[in-house]
Amino acid sequence: MPAGRSTRPNTMDSSFDPHAIEQDLYRHWEQENYFAPSGNGEGYCVLIPPPNVTGTLHMGHAFNQTLMDTLIRYQRMKGKRTLWQTGTDHAGIATQMLVERQLNEQGIQRDALGREAFIEKVWEWREQSGGTINQQIRRMGSSLDWSRDRFTMDDAYAEAVLEVFERLYDEGLIYKGQRLVNWDPQLRTAISDLEVENHDEQGHLWHFHYPLLDDLTTKDGAAVLTVATTRPETMLGDTAVAVHPDDERYAHLVGGFVNLPLVDRRIPIIADEYVDMEFGTGCVKITPAHDFNDNEVGARHDLPLINIFTTDAAINDNAPAQYQGMSREEARKAVVADLDALDLLGEVKDHALMVPRGDRSGAIIEPFLTDQWFVEMTPLAKPAIEAVENGDIKFVPKQYENVYFSWMRDIQDWTISRQQWWGHQIPAYYDAQGNVYVAKSADAARAKYNLPADTALTQDTDVLETWFSSALWPFATLGWPDETVELDQFLPTDTLITGHDIIFFWVARMIMMTLHFTDRIPFHTVYVHGLVRDGEGNKMSKTKGNGLDPLDFIDGISLDELVTKRTSNLTQPQLAPKIEKATRKDFPDGIPSYGTDALRFTFCALATTGRDVKFDLNRIEGYRNFCNKLWNATKFVLMNTEDFVPDATAELSTVDRWMLSKTHQLIKDAEYALATYRFDIFASAVYEFAWHEYCDWYVELSKPLLWDDTISAAEKQGTRRTLLEVLETLLRVVHPVMPFITETLWHQVAPRLQVTHDTIMLQEYPQAGEFTEDNDAVAQIEWLKQIISGLRNIRGEANIKPNQSIPLLLQGGGDGDRNRSVATASMLQRLANVSEFSWLEDDAESPPHALALVGDLKVMVPLAGLIDATAERNRLDKELNKAQQDLQRIEKKLGNQNFVAKAPVEVVEKERDKATDLQSRIATLTDQMTKLAELAE
RNA sequence: GGGUGUUUAGCUCAGUUGGGAGAGCGACGGCCUUACAAGCCGUAGGUCGCAGGUUCGACCCCUGCAACACCCACCA
């Protein structure tokens, strides 16, 4: 064991300080290579969703990793040969934007730098800051195999990407074509459908009058046809006006022409079912080059496509001269004004519309006609759908399967080319004639296509979208296309844990690609968790300034530092004052340090199925306290087991057997919870057991056993052994979720049981079968707890000080009660501070007393000047009321013939028993009330 | 427009085949009881979103509605 980790038992601090242990422990684990797969067990692999190499750790990562690490540590302890595959993503657009912004701040423009130099800069940046997130991940305690760290731009990984591209191309599943795609005019690249976010925004609906040609008129006799649009500037590219084929208002005009104002172009009036007769005027302007619908209409009617935009969405040379060079916003104003001047502007209405924006840039996306590379998805989707349909892959919670199906069954071809520099450059080469050759290199292309060696080839300048390479994560990280041992051992991986936001981006594509290239599913289970939101339920974002850094919960942060952190480097600096105000309100004292274990435990406790998590500060504080509870319980156990002799004769008391039985149940509950991905149940089972069974009852009950001179040495040994065994077991049960504190405490506890090992993380996970169930012991201790609770209730309500001991009388009940009272006398006396206790014969007269009922057993505390008779009556009155209400409800039920006739016998029988018990209880309470009333007179 | 989820104590959330509504935090009262005041003991608090239905019996199953959240979608 390394120095510094063996704190002497009786020098343990009175409270737990996470900082004293966490980082040293992690370093030690990593140095010893404990995170790497080991042993000969069955392979068990979890893939990390690779974070952006440029990123920093956020709450989503912390949540996600807590769950993964809990599973991994659990399976590792269960003896599986576990691999948690780590790595980072090159995050094409995000990284390029970030580096570009930094260069801009230094006055360097990307274009001036040139492609190669720019990419050099990105690599430099990656060398310099790419390790940040991995260091932060270490702070979470994540047991990732760092020796297998992968980056999606590594040479080996790039090789896999090229291989996949080439194969898909050769299979005809990748093609290049001119299509209308989503174009981000700010980033000047195409993006995929998924990268477009549609937002409801307020806009206008403009009505334009297009003059009819050839003396046509509408049925109203007008010489113009009125169309409505939300995008006035696109009229410069109109090539038709469409009406519905069944629309009688315009039937006579179909085949005719209008003059496109401002442009002075003769365009046809066509009939197409796409038009909704009910909407607006029933006439639609058709701009095939700038609208997805119009494009389809245009294709059906063979309309020309007139592109009026440059790549940054300014008006190009295809538009009339006076608009050329204007931005789309300027052009919109000009077009409206010019039409107005010509008296061709009709109504302008407010209109809510969906505006497509790029998820990275926030810029309004243009449908734009360009040459791009696409993947044909339908053939890839088919087996991927089947894999989920037939249960090979399961989603948890299951409803996400429907989300998956609905998207997969209507999947569109995937735009994979990006007009960016940072990323995998597309392995397509062109000769002077523009012929395309796909191969991993120019040489390979010449060889593959039998081109003369001196054929000049130039590589396609586009790169692949990031998700194209992330889709290969399950097999590319394991060495594909080589047939490696790792592929054999770890693919399919077991559980993928991810947020619901990347099911389409990542999960679906991994399933398709992995099936296609390896004939194996990538994972058996997809556990989908919610997103982490702030205390108000808002999405955390840098822009809103409500983001929280997991490390701030671990280490703590002062208010001023937090404000500075949230308000610096804002994209919208004007929001700073508002953010500062909100921060000062929400965190008046900053954030205290809670430690990693508390943070992890909180995430587990909040990980309920199918909902987002609102991160609640009160919860983490409570779980920090839980850590402290474990710490102090350990301290207690160590203090009281110093003279424990492992081999000495030990005799187990009822309390010990009760505790061992409870431990049996705990392990069962914990196993069940983890097997069903109910991390919240796991957390609460552990919490409940540790605090409310072990600490509140067992430790307290053990004190009389340990400290009473009349208890035999063998019994004391039994209790000491149980204290140690249960605690040692508990630490192993909890370890997957709270690795640091359990490791630390375990090294104190385990040696007492003659167990020494360098780490808890490679110990066996406890098995329920190691602990005997004992129903008699459980019944007896539950009985004892009821009596103690009854007495505590009397004490509490009567305000009897804890240090004031009370006499106790017992009456009624049966032989079982008498036996139990004898067996538990010392514990009863100590826990309830009972000075003396005695039994009254059933018919004996009792002195005036306060009363608690445990079944038929009367638990009595003589008033004796300690308890006010009136107060005691009030207390009993509440109990009586409750009993009467319960009885009333049950009698009503039993009075219902239908219930008695139709409900299962055992249910009816149970109700009858309850009624009998309540009747007896009410009788006793009423009797007691009467006596107290007499006393008060 | 289609779909999903949520609605339970003041707050954050459990509630596993329908059979006596729970936890944590907070509140209130009492305790520095030799592991822990980051603690201990006790108490109060809910017509389980609304309206119907099925059933002997509904927080739970069915229908409808409402509010909130999210996803998908081409209505100019």
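Within every chain, numbering begins at 1; the chains are lettered A, B, ... in the order of the sequence lines, protein sequences first and strands thereafter. Reckoned from all heavy atoms, side chains included, excluding hydrogens, waters and symmetry mates.
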Between the base of [N] and the side chain of [X], is there a donor and acceptor pair under 3.5 angstrom?
X        : N      : value
A:Glu700 : B:rA35 : yes
A:Arg619 : B:rU12 : yes
A:Lys629 : B:rC36 : yes

Sugar-phosphate, base or nothing in reach of [X], heavy atoms under 4.0 Å:
X        : answer
A:Cys627 : nothing
A:Gly530 : nothing
A:Asn803 : nothing

Rounded to the nearest 0.5 Å, what separation is found between the [atom1] atom of [X] and the [atom2] atom of [Y]?
X        : Y        : atom1 : atom2 : answer
A:Asp501 : A:Asp359 : CG    : CG    : 11.0 Å
A:Cys604 : A:Ile681 : SG    : CD1   : 12.0 Å
A:Leu606 : A:Asp616 : CG    : CG    : 7.5 Å

Length of the line joining [X]:[atom1] and [N]:[atom2], which is rounded to integer Å:
X        : N      : atom1 : atom2 : value
A:Leu531 : B:rG5  : CG    : C1'   : 13 Å
A:Glu906 : B:rC56 : CD    : C1'   : 14 Å
A:Arg624 : B:rA37 : CZ    : P     : 12 Å
A:Glu911 : B:rG18 : CD    : C1'   : 14 Å
A:Phe395 : B:rG5  : CZ    : P     : 15 Å
A:Arg795 : B:rG42 : CZ    : P     : 12 Å
A:Asp200 : B:rC72 : CG    : P     : 14 Å
A:Tyr210 : B:rA76 : OH    : P     : 16 Å

Whether [X] contacts [N] is assessed here as follows: a side-chain N or O lying under 4.0 Å from the phosphate OP1 or OP2. Is that the case?
X        : N      : answer
A:Lys902 : B:rC56 : yes
A:Lys614 : B:rU12 : yes
A:Arg611 : B:rA14 : yes
A:Thr229 : B:rA76 : no

Could you go over nucleotides 1-4 of chain B and give all protein N or O partners under 3.5 Å, atom names and distances?
none

Report all interatomic pairs (protein N or O, nucleotide N or O of nucleotides 43-46 of chain B) with separations under 3.5 Å.
unit_1: B:rU43; atom_1: OP1; unit_2: A:Asn793; atom_2: ND2; d: 2.7

Q) Is it true that A:Tyr623 and A:Phe601 have ring centroids separated by less than 6.0 Å? A) yes
Q: Determine the stems involving RNA chain B; a stem requires 3 or more consecutive pairs of the Watson-Crick or G-U wobble kind, each with both distances below 3.5 Å, and the answer is none if no such run exists.
A: B:1-7 with B:66-72, B:10-13 with B:22-25, B:27-31 with B:39-43, B:49-53 with B:61-65
Q.
Using atom C1' in both nucleotides, what's the gap between B:rG5 and B:rC32 to the nearest angstrom?
A. 48 Å
Side-chain heavy atoms of [X] within contact of [Y], under 4.5 Å:
X        : Y        : result
A:Phe587 : A:Leu617 : yes
A:Leu225 : A:Ile269 : yes
A:Trp707 : A:Asn640 : yes

